Peer 1: 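Below is the structure I would like to discuss, written out as structure tokens.
Source: prediction; values computed, not measured.
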Amino acid sequence: MKKTFSTYFVISVAMALVFIFSYMLLLSENKALAKAKLEKQNLLSQKQSDLNDVLVELQKLSSEDRIVRYAEENLDLERQIKKVDVIPINKKQIIQINKLVKRKYE
């Protein structure tokens, strides 16, 4: 009877040790994954910040005021002040021209 008790005791202690070691292993793995997740989130945040900085720089470089000033100062271009003249065309004339073009290229 003592052998069975001691056998059960050894088996139960061994199972308890297996559960404790597996719990500790999973706990340390969980901590490592949490640390890696935090590092990745920080890296993502830094990349997004860098991307926003680049977008701000792009908007500054492509602003209309900067381009107009550059064109006026370096390329000797002038800003058009008056509108371009509009030439009125009858809708029937457009249809006739389309028909002529279609006939020509058929």
Peer 1: So does Gln41 have more than 12 non-hydrogen atoms from other groups sitting under 6.0 Å from CD?
Peer 2: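 Buried by this count: over 12 neighbours within 6.0 Å.
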Peer 1: Might you point out which heavy atoms bring Leu61 and Ile67 nearest each other, and give the distance in Å?
Peer 2: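 Of all heavy-atom pairs spanning Leu61 and Ile67, the closest is O-CG1, 4.2 Å.
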Peer 1: Might you point out which heavy atoms bring Arg66 and Lys60 nearest each other, and give the distance in Å?
Peer 2: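 Looking at all heavy atoms of both residues, the shortest contact is CD-O, 3.6 Å.
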Peer 1: Run the numbers on Gln46 and Asn42 for side-chain hydrogen bond (donor to acceptor under 3.5 Å, both in side chains), then give the verdict.
Peer 2: CA-CA 6 Å; Gln46 181 64 34; Asn42 289 339; over 6 Å; no
Peer 1: Is any NZ, NE, NH1 or NH2 atom of the basic residue among Glu72 and Arg69 found under 4.0 Å from an Asp or Glu carboxylate oxygen of the other?
Peer 2: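 No.
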Peer 1: So does Leu58 get a backbone contact from the side chain of Ser62, meaning a donor-acceptor N/O pair under 3.5 Å?
Peer 2: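 Pair found, side chain donor or acceptor close to backbone of Leu58.
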Peer 1: Which pairs of donor and acceptor atoms, one on a side chain in residues 10-39, lie under 3.5 Å apart (sequence neighbours left out)?
Peer 2:
residue : atom : partner : partner atom : Å
Ser12   : OG   : Tyr8    : O            : 3.0
Ser12   : OG   : Phe9    : O            : 2.9
Ser22   : OG   : Val18   : O            : 2.9
Ser22   : OG   : Phe19   : O            : 2.9
Ser28   : OG   : Met24   : O            : 3.3
Ser28   : OG   : Leu25   : O            : 2.9

Peer 1: Indicate if Ile97 and Tyr105 have the same hydrophobic cluster label, given that clusters are the connected sets of ILVMFWY residues with side-chain heavy-atom separations under 4.5 angstrom.
Peer 2: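 Same cluster.
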Peer 1: Between the side chains of Asn52 and Gln48, does any donor sit under 3.5 Å from an acceptor?
Peer 2: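 No donor-acceptor contact under 3.5 Å links the two side chains.
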